[in-house]
Visitor: 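This is the structure I have questions about; it appears just below.
If you're wondering where the values come from, they're calculated on a predicted model, not measured in any experiment.
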Amino acid sequence: MNKPVAVKTRTSGTSYSFEGKNLKTEQIVRGEIIAKTEAEARAKLTRRQIRVISISKVKKSRQKKISQADITVFTRQLSTMMKSGLPMMQAFDIAAKGHANPSMTSMLINIRNEVEQGHALADSFAKYPKYFDRFYCNLVRAGETGGVLESILDKLSIYKEKTQSIKKKVRGALTYPIAVIVVAIVLVFVMMMYVLPSFGKVYQEMGVPLPGLTQMMMDISDFFVAYGVYMIILTIGGVIGFFKWLQKSEDLQKRIDYMLLKLPIFGPIIRKAAIARWSRTTATLFAAGVPMVEVLDSVSGATGNIRYEEATRDIRSKVNQGISLTSSMQATELFPNMVIQMAMIGEESGSLDDMLNKAAEFYEEDVDTAVSQLSSLMEPIIMVVLGLIVGVILVAMYLPLFNIGNAVG
């Protein structure tokens, strides 16, 4: 008996699960096909010379969001399998069927079917700009044109792994203090709204005179009790509103990105991470044979900071006018002298991609070190500040009891 073969084809519509017999190979095939109706699904399978044995509508499952981590893993898988000699269609099948995210599986099968119908791989990726940006598609297109797709996918997977690592480290450096601050705020709210009022009632019943610090804390507690719920609602609403405004307002995004670069502790880390991404992206595209003007066009949105995005557009405009890359970079006043000097050596020696890769590696290591040092520094500082806040509140609560003890003594 022939071994069943799984087949999936995706376009748009309702998903149908089927079992049939491939009239060409005489094999039993099972899989999924998307069509508007069951009749259309049967017709599609007939055109593919599959005689339907059974077919049924697939129950919809909750779709998971596709992350950049999913894209990074897929790129590495596709690169590894193609370098091992597997045909691209087979590599796509393996990557799709082996993925834990159904949304990713569906997208990969759609792309595979597009390629199977004669479309270029880069054009098929370009139909999903949310996941495969211009940089990704330009690299794949360069690999297809030059016949070095396996090598390009390897470079692309290294690039995405490096940039994902940098982003995680920077986010980690920013997330920890924010999380602790949020916990501190919640703790203060709980103490002000529930703990201090209980002590206040006890002292009122005892008729104990309250010291100045305790009275001040009690007044603040009364304010929290009266308006705390409104403050919580306003805070949550304000945070949600701010992020929605940030998503829609390019001017606000620009101001935030400018401000982030000027922060005393986090600013240098964000700047180094942006330079590392800029250098890595430029080197990867240039090594693939993409013309410099097109390289800079793709790089502009890859730094993760609008200030560097605008600077890259200025560099692109000047390079297009015949000005050298290093002179254009120097004019922006955003790149350290070391990066400019390495780019200059690379231009003169014809090894720009190697020099920029070395610059990227240097700044990636620098970011790693800076984030580690920042985490080590922030932990004791935040704990001391949190301890002082809680300590002042506790002293204020128990100070009247100390005064009573001293008076009795």
Side-chain angles (χ1 to χ4, degrees), residues 1-132 136-137 140 144 149-150 153 157:
M1 184 177 179
N2 292 324
K3 186 180 178 181
V5 178
V7 175
K8 288 189 180 182
T9 90
R10 301 285 177 111
T11 51
S12 61
T14 305
S15 182
Y16 291 88
S17 175
F18 70 87
E19 181 178 349
K21 185 175 183 179
N22 190 317
L23 299 178
K24 285 183 178 180
T25 63
E26 296 296 320
Q27 285 186 316
I28 298 298
V29 294
R30 296 189 183 100
E32 291 179 17
I33 186 169
I34 290 185
K36 293 179 180 177
T37 62
E38 183 178 323
E40 183 182 333
R42 288 177 177 273
K44 284 184 176 183
L45 291 169
T46 301
R47 287 196 294 271
R48 297 188 61 173
Q49 296 190 2
I50 295 175
R51 180 167 59 82
V52 177
I53 297 172
S54 64
I55 188 167
S56 60
K57 189 181 291 187
V58 177
K59 292 181 181 179
K60 291 184 178 179
S61 58
R62 189 177 179 183
Q63 297 291 301
K64 286 175 64 179
K65 186 179 178 183
I66 298 173
S67 67
Q68 280 303 310
D70 291 329
I71 303 298
T72 302
V73 170
F74 158 71
T75 306
R76 172 55 69 192
Q77 287 176 334
L78 188 62
S79 166
T80 302
M81 286 187 284
M82 289 185 68
K83 283 173 73 177
S84 300
L86 281 177
M88 184 165 64
M89 295 296 98
Q90 189 177 351
F92 257 94
D93 281 338
I94 295 170
K97 292 170 188 174
H99 211 287
N101 186 345
S103 300
M104 187 71 181
T105 298
S106 176
M107 182 179 71
L108 292 181
I109 291 174
N110 283 337
I111 293 170
R112 181 206 180 282
N113 291 336
E114 289 279 336
V115 175
E116 194 175 35
Q117 292 166 19
H119 296 276
L121 181 60
D123 294 336
S124 302
F125 281 140
K127 292 183 179 180
Y128 301 90
K130 185 177 179 181
Y131 310 114
F132 303 101
Y136 196 107
C137 295
V140 172
E144 287 183 296
L149 184 58
E150 296 89 344
L153 285 172
S157 59

Visitor: Identify the two heavy atoms, one from L121 and one from E144, that lie closest to each other, and give their separation to 0.1 Å.
Guide: N-OE2, 2.8 Å

Visitor: Would you compute the distance between atom CE of M82 and atom CG of L149 and round it to the nearest 0.5 angstrom?
Guide: 4.5 Å

Visitor: Test side-chain contact (heavy atoms from CB on, under 4.5 Å) on L153 and S157 and set out the steps.
Guide: CA-CA 6 Å; L153 285 172; S157 59; over 6 Å; no

Visitor: Where do A91 and L78 come nearest, in terms of heavy atoms and distance?
Guide: CB-CD1, 3.7 Å

Visitor: How long is the straight-line distance from CG of D93 back to CE of M81, given to the nearest 0.5 Å?
Guide: 9.5 Å

Visitor: Could you give the distance from NZ (K65) to CG (D70), rounded to the nearest 0.5 Å?
Guide: 11.0 Å

Visitor: What are the two closest heavy atoms between A41 and A35, and how far apart are they?
Guide: N-CB, 3.5 Å

Visitor: Once you round to the nearest 0.5 Å, how far does CG of L108 lie from OG of S124?
Guide: 11.5 Å

Visitor: Donor-acceptor pair, distance only, cut-off 3.5 Å: does the side chain of N113 make one with the backbone of N110?
Guide: no

Visitor: Can you see which heavy atom on K130 is nearest to which on Q68, and at what distance?
Guide: O-NE2, 3.9 Å

Visitor: Just how far is it from atom OG1 of T105 to atom CZ of R112, taken to the nearest 0.5 Å?
Guide: 13.5 Å

Visitor: Take Y136 and I71 through the side-chain contact (heavy atoms from CB on, under 4.5 Å) test and state the conclusion after the steps.
Guide: CA-CA 11 Å; Y136 196 107; I71 303 298; 4.1 Å; yes

Visitor: Kindly give the heavy-atom pair with the smallest separation between N101 and S103, and that separation in Å.
Guide: OD1-N, 3.0 Å

Visitor: Enter the distance from T46:OG1 to L23:CG here, rounded to the nearest 0.5 Å.
Guide: 8.5 Å

Visitor: Any heavy-atom pair between the side chains of F74 and I66 that's under 4.5 Å?
Guide: no

Visitor: On the 0 to 90° scale, with breaks at 30° and 60°, tag the F132-F125 ring pair as parallel, tilted or perpendicular.
Guide: tilted

Visitor: If you define the side chain from C-beta out and look only at heavy atoms, does anything of I111 sit under 4.5 Å from Y128?
Guide: yes

Visitor: Would you say that S79 contacts T75 through its side chain, given a criterion of any heavy-atom pair below 4.5 Å between the two side chains?
Guide: no

